[in-house]
Amino acid sequence: MSLRLYNTMGRKMEEFKPITPGHVGFYGCGPTVYNYAHIGNLRAYVFLDILDKTLQLLGYDIKHVMNITDVGHLTGDGDDGEDKMKKTAEERHQSVLEVAKFYTDAFMADIDALNIRHPDVICKATEHIQEMIDLIKQIEANGHTYMAGGNLYYDISTYDDYGKLANLNLDELKAGAGKRKVVVVDENKRNPGDFVLWFTKSKFEDQAMTWDSPWGRGYPGWHIECSTMAMKYLGEHLDIHCGGIDHIAVHHENEIAQSEAFLGHQWVNYWMHAAFLQLKDGKMSKSKGDFLTLDTLVDKGYKPEYYKYFCLTSHYRTSANFSFDALDAAKNSYESLINKIIEQKNLARENDSVDTEQEKQFIDSFNSFMFNDLKTPQALAVMWDALKSNTLPAKSKLNFLEHVDKIFGLSLTDVINKSESGFVVSPEDEKIIEQRQQARINKDWKTSDELRNLLASHGVGIKDLPDNKYQLFDITKAI
RNA sequence: GGCCAGGUGGCAGAGUGGUUAUGCAGAGGACUGCAAAUCCUUGGAUGCCGGUUCGAUUCCGACCCUGGCCUCCA
């Protein structure tokens, strides 16, 4: 089955054709590790993971590369800005590297909590400075740069296709336009769209990390790291490059300009961009400081799976509106899903017949939505259809859900395969359960209810089923 | 100012030139000692105005509104 993807370059749906049959190399822009990733950031990584797993399902051998940006960026506007990494380091009385490590670890923990597969290569900007310098030298040798004010700039007028990804009209580009209160135009630039490849004259005092280079001691510009590392790990031609929509106009245009100026040929075949998570008042912003992290949600009693389910209910190319009402709806949906799975497990235990033909139909239907630009909302609808089907046997439903979970990563497979004894109760509680069952047989409801409360106080939840059967669950994990 | 993306029921969110997916929430009912879960039934929407059409939520145009990018950000 073929995969259709929406290519930001050209703004249209295209059939995906890998450069090398059977293989896919793709690069996703990773986090800047000066603070926690917020749930808006995380939505983009959920999308990347869905892409990753869909490609896997199609049988591709995947090389997924992600950068970790651990060199400084501005916190504020123009000259009053500070190095974000340095600022955080000072606040925490730590070194910049310690800060980077701390937030990189936090990011990886978030990724794990959301059942996101680790990229095959996770590369840090600070470990690739020499490669960046080498690349910049080549770009310079090819005649695309100029020195001004101590910094080496990329001259976009030397690259004919600048703006092709974002439909930029260079004559209309305004330096410092937008909602900024303080506008500081870099007087060194020949063109407002030019950007720095290498800084030696830092805008801020005491840049935390600097390196020697042919242009003087300094640090790399903000765009060169992705070009450098993508080429190092994926070669001169990559299949897919992903990121958030905010990257389209500046970061990715600049990456293309640098990379193709160096390569002399097209660099990336498919550009894919994830839309933002919206709050009532606009996007969630890392640099504004107040944002929701996955940990915040967990502290409020929400499982990471609830947030992941929420992400799947909207298409990656449309902005999603986050609210706690919406998250509660995702939570209820997810818990309902889990209950139905447990229900089906009980049914399958008594009748494990399957209907492979129908199973296949549901799987094909699910896949057809996923293979059509990752249409997770419709794929989710297929999942519910299968679950509520009157004709699909319980065992087949479970088989189908295991398939779904390969892509969605909602811990469904864990629920399906977890044996009932996976939740171990103490011998003392086992006796209480036994006593309660006896009380129920005797229709001694008062004792039964008291014992149920007692079990609850021990963290043991119990649900009564027909025929004097029951089901235990961990009450501390139920919300 | 330029560019981009949207406006669908209480919430979230799809598809579609002709009975508006799906989930949550709501209402009614079944089952149940209770609880939980499950099942059945059900009401409710396409920003505004024109145009094309036998027919538009879908196509076209104007308008209104929202969000994003043009500073690092997913």
Side-chain angles (χ1 to χ4, degrees), chain A residues 8 11 28-32 34-35 37-48 69 72-78 81 84 163 166-180 182-184 186 192-193 222-223 242-251 253 273-279 281-288 309-310 313-315 317-323 325-337 339-340 342-343 369 375-385 388 440 443-446 448-449 452 461-466 471 473 478:
Chain A
T8 306
R11 316 267 164 168
C29 287
T32 304
Y34 68 95
N35 206 330
H38 59 62
I39 59 173
N41 299 131
L42 259 16
R43 182 188 187 214
Y45 300 111
V46 167
F47 146 68
L48 266 181
T69 299
H73 286 304
L74 294 175
T75 49
D77 300 313
K84 285 175 178 172
N167 290 335
L168 297 179
N169 178 344
L170 297 187
D171 296 334
E172 302 288 352
L173 267 186
K174 284 191 177 180
K179 291 179 220 160
R180 262 159 290 175
V182 182
V183 176
V184 178
D186 184 342
W222 303 314
H223 310 290
C242 306
I245 48 167
D246 54 323
H247 285 322
I248 295 172
V250 177
H251 183 54
E253 284 291 357
H273 294 93
F276 277 140
L277 184 72
Q278 304 282 2
L279 297 179
D281 304 318
K283 72 163 182 172
M284 196 171 284
S285 170
K286 210 167 181 173
S287 48
K288 282 181 198 159
Y309 186 96
F310 167 82
T313 62
S314 61
H315 187 61
R317 277 193 288 117
T318 62
S319 54
N321 294 302
F322 181 85
S323 65
D325 280 349
L327 187 61
D328 282 333
K331 168 190 159 181
N332 290 341
S333 301
Y334 182 78
E335 286 300 335
S336 171
L337 175 61
N339 280 329
K340 285 181 173 70
I342 291 168
E343 195 91 356
F369 285 120
K375 298 209 182 301
T376 53
Q378 291 97 317
L380 222 36
V382 171
M383 181 192 78
W384 286 104
D385 283 347
K388 293 188 169 181
R440 295 193 71 234
K443 296 198 187 298
D444 179 357
W445 309 125
K446 189 165 177 289
S448 165
D449 289 350
R452 179 165 57 196
I462 186 164
K463 284 180 189 176
D464 295 319
L465 302 173
Q471 185 195 322
F473 61 94

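The chains referred to below are lettered A, B, ... by the order of the sequence lines, with proteins before strands, and numbering in each begins at 1. Quick caveat, the model's predicted, so the values are computed rather than measured.
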- Item | Sidechain-backbone polar pair: A:S336 side chain, A:N332 backbone, donor-acceptor under 3.5 Å | no
- Message: Mind checking if A:G40 touches a base, just sugar-phosphate, or nothing, with heavy atoms under 4.0 Å?
- Response: base
- Task: Using the closest heavy atom to pick a nucleotide of RNA chain B for each, name whichever of A:V250 or A:N339 lands nearer the 5' end.
- Result: A:N339
- Item | Under-4.0 Å side-chain N/O to phosphate OP1/OP2 contact, A:N167 with B:rG2 |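 Result: no.
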- Reckon A:F47 touches a base, only the sugar-phosphate, or nothing at all at heavy-atom distances under 4.0 Å?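 Nothing, no heavy atom under 4.0 Å.
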- Message: How many whole angstroms separate atom CD1 of A:I245 from atom C1' of B:rG6?
- Response: 11 Å
- Query: Which nucleotide, in any strand shown, forms a Watson-Crick or G-U wobble pair with B:rA5, with both distances under 3.5 Å?
  - Reply: B:rU66
- Message: Nearest whole Å is fine: how far is B:rA74 C1' from A:D246 CG?
- Response: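 Rounded to whole Å, this separation is 5 Å.
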- Message: Tell me the interatomic distance from A:F276, atom CZ, to B:rA74, atom C1', rounded to whole angstroms.
- Response: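 Rounding to the nearest Å, CZ of A:F276 and C1' of B:rA74 are 6 Å apart.
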- Can you find a heavy atom in the side chain of A:K340 that is under 4.5 Å from one in the side chain of A:W384? yes
- Evaluate the side-chain proximity of A:R317 to A:H273: yes if any heavy-atom separation is below 4.5 Å, no if none is.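 A side-chain contact is absent here, since even the closest heavy-atom pair is not under 4.5 Å.
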- Message: Any base atoms under 4.0 Å from A:G193, or only sugar-phosphate, or nothing? Heavy atoms, all strands.
- Response: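 Answer is nothing: A:G193 stays at 4.0 Å or more from every strand.
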- Message: Say we look at B:rU8 and B:rG47: how far apart would their P atoms be, to the nearest angstrom?
- Response: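 Per the computed distance, 7 Å lies between those P atoms.
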- Message: Checking the side chain of A:R43 only, and the main-chain atoms of A:S319 only, is there a donor and an acceptor separated by less than 3.5 Å?
- Response: no
- Whole angstrom value for the distance that separates P of B:rA14 from CZ of A:R317: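 One finds 11 Å between P of B:rA14 and CZ of A:R317, rounded.
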- Task: Anything under 30° is parallel, anything over 60° is perpendicular, the rest tilted; go ahead and classify A:H223 against A:H251.
- Result: tilted
- Message: Can you see if the side chain of A:T318 gets near the phosphate of B:rA14 - specifically, an N or O under 4.0 Å from OP1 or OP2?
- Response: yes
- Message: One pair to check against salt bridge (Lys or Arg N to Asp or Glu O under 4.0 Å): A:D449 and A:R452. What are the steps and the verdict?
- Response: CA-CA 5 Å; A:D449 289 350; A:R452 179 165 57 196; 3.3 Å; yes
- Task: Determine the interatomic distance between C1' on B:rG44 and the same-named atom on B:rG55; round to the nearest Å.
- Result: 24 Å
- Starting from C1' on B:rA37, measure out to CG on A:L337 and report it in whole angstrom.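 In whole Å, B:rA37 C1' lies 14 Å from A:L337 CG.
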- Sticking with atom P, work out how far B:rC70 lies from B:rA12, rounded to a whole angstrom. 27 Å
- How far does the C1' atom of B:rU58 sit from the matching atom of B:rA21, given to the nearest Å? 15 Å
- Check A:P31 against A:Y45 and note the closest heavy-atom contact, atom names and distance. N-OH, 3.1 Å
- Query: Between A:M383 and A:L337, is any pair of side-chain heavy atoms under 4.5 Å apart?
  - Reply: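 A side-chain contact exists here, since the closest heavy-atom pair is under 4.5 Å.
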- Query: CG of A:L168 versus C1' of B:rG1: gap in Å, rounded?
  - Reply: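 Spelled out: CG on A:L168 to C1' on B:rG1 is 14 Å.
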- Item | Contact pattern, 5' to 3', of nucleotides 19-33 of chain B - B, S or - by protein heavy atom under 4.0 Å | --BSSSS-------B
- Please answer whether the main-chain N or O of A:N321 pairs with a side-chain N or O of A:Q278 as donor and acceptor at a distance below 3.5 Å. no
- Provide the Watson-Crick or G-U wobble partner of B:rC39, both distances under 3.5 Å; none if there is no partner. B:rG29
- Taking the side chain as every heavy atom from C-beta outward, state whether A:T8 and A:H247 have any atom pair closer than 4.5 Å.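 No; the side chains remain at least 4.5 Å from each other.
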- Between A:H273 (NE2) and B:rG6 (P), how many Å, whole number?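 Between P of B:rG6 and NE2 of A:H273: 15 Å.
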- Item | Nucleotide B:rG68, atom C1' - distance to CG of A:N321 in whole Å |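 Going from CG in A:N321 over to C1' in B:rG68 covers 13 Å.
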- Which part of the nucleic acid, if any, lies within reach of A:L277 when heavy atoms closer than 4.0 Å are counted: base, sugar-phosphate only, or nothing? base
- Task: Return the 5'-most residue of the pair A:A326, A:A275 with respect to RNA chain B, ranking by each residue's nearest nucleotide.
- Result: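 Its nearest nucleotide lies further toward 5', so the answer is A:A326.
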- Write down the distance separating the P atoms in B:rG15 and B:rG9, rounded off to the nearest Å.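 Here B:rG15 and B:rG9 have their P atoms 16 Å from each other.
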- Could you check whether A:H315 gets within reach of a base, just the sugar-phosphate, or nothing at all, counting any heavy atom under 4.0 Å? sugar-phosphate
- Tell which nucleotide pairs with B:rC54, taking only Watson-Crick or G-U wobble pairs whose two distances are both under 3.5 angstrom. B:rG18
- Message: Rounding to an integer number of angstrom, what distance separates B:rG17 and B:rG1 when you compare their P atoms?
- Response: 36 Å
- Task: Compare all side-chain heavy atoms of A:W222 with those of A:T69 and state whether any distance is below 4.5 angstrom.
- Result: no
- Message: Say we look at B:rG50 and B:rA56: how far apart would their P atoms be, to the nearest angstrom?
- Response: 13 Å
Can you check nucleotides 56-61 of chain B for protein contacts, nitrogen or oxygen pairs under 3.5 Å, and list what you find?
none

- Write down the distance separating the C1' atoms in B:rG7 and B:rA14, rounded off to the nearest Å. 15 Å
- Roughly how far, to the nearest 0.5 Å, is OG1 of A:T32 from CG of A:N41? 9.0 Å
